[in-house]
Structures are given as structure tokens and as C-alpha cells.
Amino acid sequence: MRKPALFVTVLASLVGAVAVADVVTAKHGAARLTDIAAIPVVDLGSRIGYVGSISPSGGNDDWNWGEVQDENGEWILFEDFGAGCVYNFTQHRGETVEVPVFRFYFDGEAKPRLEVRPKDFGYVFELPKPLADAFCAKSQGTRPFRIVRSFVPMEYRTSCRITSSIPLRGHSPNGGWGHVMYHHYDSPEGLSTYDPKRDVASLARAFERPLGLSADEVKTTESAALPAHSERTLFASDSRGALVETSLAVAGFDRTMATNLWLAYEFDGIRTAEAPIGTFFGCEIPSTKVHFRTALIDVDLTADAVRFSNRFPMPFFKACRVVLMNRGEDALVCGARIGVNRSLVYDPAVTGIFTASKYYPRTRNKQRENARIGKLVGRGLMAYGTISGYDFARSPWGVCEGDVRCFVDDMTVPRVQSDGSESWGSWGWGFERGGSMNPFSFYDVLQDQHVGWSELRLTYADAYFFRRFVRFDLEHGAMNDHPESSSSGQIFGYLLQTR
């Protein structure tokens, strides 16, 4: 097998280094989107919240959103009292029905600070691309739907309310199908009330190229054969630092390598993460020749040597080791680049160590049981996750069903949900269009017979903070999936180390 060119500068022209302070502290509100160094800091005074169209009665009746009218006769989609920040607004609705007007109220004001319609997402000053956008899909080949999403951060100090001018109710095409993801804080310190006149374009421009932290030390491994059932140490250190980049270039890439090639991370003498590159890089079922780019994870499937990059910061205080493992039956040819920053200073009392849940391989769904994609136990935060579904063409069950059910410190009620697995990444009814991306999520679908999909969602901004555990499930059973369908995936985050 011919060796590709040396893998030395995979990201040299792609990654814009982000300057950081020497002392890393927790961030709230809009700062969480771009202060990459602060991601591992565990802030237990922040709580993740979700409000949306999930039916409390179960089943698949997830199209009703906004059941209560306010004093103005508007239908309340979201309301929170206290300090917080809205990170994600998603809604999908038929284009042929009455168009809603969304109004955003902040800090007890009687008049909305923002008033928009679905067609405005990605096209108005207040909701610029790529932080906001929309796309149209078709349901059953005939009904056009517009799926809108916004990742524009909206801070508030005392309260926030989001309303719709009409009730979002009823089956296709009238329904609501949407959600708000937000943080609630113990204190308004450092927050500024959302101002629609503030220039959001400069923030949006930061996501026109990949984010990343500067590396003052780079370890490059030349492209070479990695025999079957072998491993290679890509990086080892006996002093403190922070990994800021893990990049691979794999020659002759095929779909099986996504689950046969693994990465393992050891921090301070403990192996905390093992993952196939498919989940680690958010493309577990690579199906199309696409180059997707999120804020911190990129995959280029168009190159001769397929390129992967993950730039989540991973601090360590005593030692670190990164291992590449070939668990397949054939030799692989690949190169690697590991970036390290030695100048960042973290407080070990509040800084989590990068950790992965146990990989959940492709597993047949059990009726009336959730697919348990991953669980992290301790105190920490979930930073991103990858989920995949197989055999979803078995209409009418498997199209995009199986709601995300994410339990945080409590197994009674999910803290985070979604109306269908695809809505977790703000796709709505977007399964008929593969290779879609935005700064915080990526979705790909197998085009051959539409039998599989894979989805990545970065949650580092609207981080899922937990004090005891986080468990990430996909709902199955009844109308939520076919009994012969399967799912797989993995979640990644940061755990405080017990002393």
C-alpha cells in the first residue's frame, strides 16, 4: 500500500489560534461559545435546562408546543425566572400553514426586544449565519417544512420569555416540533441583558473557521502502517499541560475503519477515555464524500488520506499518554498530529479530566426500553456526543424516532430531551438531506437505501453539568422505532478527580 505524504501540517491553514489568559476560570453566557480554554472547568452553579414539544403522555405525539397564553394572548414557548442564557432555539413547521411570529422578552420588560418569523433565521442582523440558519425539507415527498435554528446566545439577568403569536399544535404540517436549550445560573454576575442592536456578526465570524487553542509543542507521527491488532503511542509526557489538538490522516479509508481504529487517553496515570474514531470525531457512519466542520471537530472525507481533527482542550496535571489502536483485521496507514499547550494554568479542584463513556456498539433495540448510549458518573459536564441509527427506513417507525432522554442527577424526569433523535442536533425533519452541518452539530445519512444515519452535537456551550451522573438514552418502543432497528454511540465530557 502506498504511503501518503507526511502528515505534518494538516491544520496549519485551517485552525485559527485563540489567545487565552494564563488563569482559566469558568465562563457564563456568550463567553462559553468562544472561550475554549474554559470548557474543562466544572461550574456546578450552572444548570442545563430544556423546554420543548415533548408529549408528557409518551408515544410519538411530540408536535404540541406552547399550551399557555400570557396576558397579551401570546402562546408561551419558554419562561425562566432568574439569571440565565438561551443557547439554542429550534422549531420546524409546515410552510403551507399560518406563519408564527416569535417574540423574545428579557428581564421583565413589557415589550419584546426581538420579534422574528421563521424566514428571518440566518437572514437578519440579529440572527446571522452560521449561528442561525434554516433549511427546507419535505415530509412524505409533498409537504414542505422549514426547520429554523439559532445558536445566538441570549443572556438575561432576571427573566426570559419566548412566545409564539399562534399555538403550535396539531399533526403535520401544523405542529410545533421544537425546543429551547438554556443555562440557569445562581447569580447574574458577568451577564448582560440581551441587546438585539449589539453586533452579533463579529461573534458569528469567529465560527467561519475552526476554533482552537495555540499549541507551543507539537508531536507529529509520520504516516506509516499500523498492523492489525497493534497499537502505537502518539504522545507521552510526565509533566503538566493541556492537549489542544488530536488530528489523524488515514489512507485508503473505508467505513469499517470508523469502528476498527481507536484512540485511548491516559491522564495522570488513569485511562479515562477509549473510543473508536467514528464517535470521537463525530462521524460514526461515514457515508458521503463530505467535508464537515463544526467549531471544534472536523472531518474531511474528500481527501485521499481522510483527515480528522478534534480540538477539545484536555488538561493534565502529572502525565499524559495518547495511544492509537488498530482493532481490525487489516493493516492501516495513518499519520497523526498532537498539539500541547504548556502555558495554560488550571485549578485541579475545579477542572475536569477528559473522559468518555464506554462505547455503545451497534445494538438491536428492545421494545419499551431505552438504548443506553452512555453514562458518566461523578461530578462534571458532558461536552459532546455522537449517536447513530440503523435500518430506519422501516416506515412508519424508524424514520427519525427515538427521543433523546438525557438524565442528569435524577432518573425520574429527563433534564434534556428532543422530539425525535434528529432534533437533538436541530435538524428537525432533515433526514432527507445528508451532510448538513452548523458550528455545533453535524448530521450525515447513508444514501444507499436510507438505512443509517450519524449525528454529532457539541454541548460545550450549553454544557450538561452534573453533580452525580449524566445518562444519555435514546427512547425506543411503541411507535418510536422498529424492533429490528439498531443504535450506537458514545458521550464525552470532563470529570473532577476525587482526591
Side-chain angles (χ1 to χ4, degrees), residues 49-80 86-106 112-124 126-127 132-140 142-152 154 159-182 399-401 403-405 414 416-431 462 475 479-480:
Y50 161 94
V51 172
S53 60
I54 290 295
S55 169
S57 61
N60 191 34
D61 300 330
D62 295 336
W63 46 74
N64 294 331
W65 190 14
E67 297 294 322
V68 178
Q69 286 180 286
D70 66 10
E71 58 275 12
N72 299 319
E74 298 168 17
W75 298 88
I76 300 174
L77 303 181
F78 164 76
E79 191 165 35
D80 184 39
V86 170
Y87 285 105
N88 176 226
F89 177 87
T90 295
Q91 197 268 329
H92 37 122
R93 180 175 173 83
E95 287 278 86
T96 58
V97 298
E98 187 176 0
V99 177
V101 177
F102 303 124
R103 296 183 175 94
F104 295 71
Y105 299 82
F106 296 90
R113 287 199 167 210
L114 178 64
E115 186 173 304
V116 292
R117 292 167 175 79
K119 65 181 179 64
D120 296 327
F121 285 71
Y123 294 95
V124 297
E126 299 88 349
L127 301 174
D133 207 348
F135 68 89
C136 291
K138 290 184 178 180
S139 168
Q140 301 172 2
T142 57
R143 299 168 179 163
F145 272 70
R146 181 182 292 267
I147 297 94
V148 301
R149 56 176 174 261
S150 171
F151 292 92
V152 173
M154 299 179 177
S159 67
C160 178
R161 177 185 294 183
I162 303 174
T163 68
S164 170
S165 60
I166 58 176
L168 304 178
R169 295 177 182 169
H171 198 265
S172 172
N174 295 33
W177 294 288
H179 65 251
V180 173
M181 296 292 300
Y182 67 102
V399 177
C400 54
E401 300 308 335
D403 299 340
V404 162
R405 295 170 59 84
V416 175
Q417 302 185 73
S418 72
D419 57 297
S421 49
E422 85 291 4
S423 283
W424 180 56
S426 295
W427 302 118
W429 290 32
F431 271 58
D462 50 343
E475 176 189 30
M479 284 294 290
N480 284 322

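Because the structure is a prediction, the values reported are computed rather than measured.
Between the side chain of Ser53 and the backbone N or O of Trp63 there is no donor-acceptor pair closer than 3.5 Å. Put simply, the side chain of Asp403 gets close to the backbone of Gly420: a donor and an acceptor are under 3.5 Å apart. The main-chain N or O of Ser150 is never found under 3.5 Å from a side-chain atom of Asp133 such that the two would form a donor-acceptor pair.
Distance check: Phe145 CZ to His92 NE2 gives 8.5 Å after rounding to the nearest 0.5 Å. To the nearest 0.5 Å, the span separating CG on Asp62 from CD1 on Ile54 amounts to 4.0 Å. Between atom CD of residue Glu126 and atom CE of residue Met154 there is a gap of 8.5 Å, rounded to the nearest 0.5 Å. Rounded to the nearest 0.5 Å, atoms CZ (Phe106) and CD1 (Ile162) are 6.5 Å apart. With rounding to the nearest 0.5 Å, the separation of CZ in Arg117 from OG in Ser165 is 7.5 Å.
For Phe104 and Phe89, the distance between ring centers is under 6.0 angstrom.
Smallest separation of non-hydrogen atoms from Val416 and Tyr50: CA-CB, 4.0 Å. For the residue pair Trp75 and Pro167, the shortest heavy atom distance occurs at NE1-CD, 3.2 Å. Closest approach of Asn72 to Tyr105, counting heavy atoms only: ND2-OH, 4.1 Å. Of all heavy-atom pairs between Pro100 and Phe102, the closest is CG-CZ, 3.7 Å. Taking all atoms of both residues into account, the shortest heavy-atom contact from Pro112 to Glu115 is CG-OE1, 4.0 Å. Across all non-hydrogen atoms, the minimal contact from Gly176 to Gln91 is O-NE2, 3.0 Å.
Partners of Asn88 according to the side-chain contact (heavy atoms from CB on, under 4.5 Å) rule, which considers only residues two or more places apart in sequence or in another chain, are Thr90, Phe151, His179, Met181, Ser426, Arg457. Residues meeting the side-chain contact (heavy atoms from CB on, under 4.5 Å) test with Thr96, sequence neighbours left out: Pro144, Pro173.
Proximity of Trp65 to Val51: side-chain heavy atoms (C-beta onward) are separated by under 4.5 Å at one or more points. No side-chain heavy atom of Trp427 sits less than 4.5 Å from a side-chain heavy atom of Ile147.
Pairs engaging residues 161-172 under the salt bridge (charged side-chain N to carboxylate O under 4.0 Å, His left out) rule: Glu67-Arg169, Asp70-Arg161, Glu71-Arg161, Glu79-Arg161 [sequence neighbours left out].
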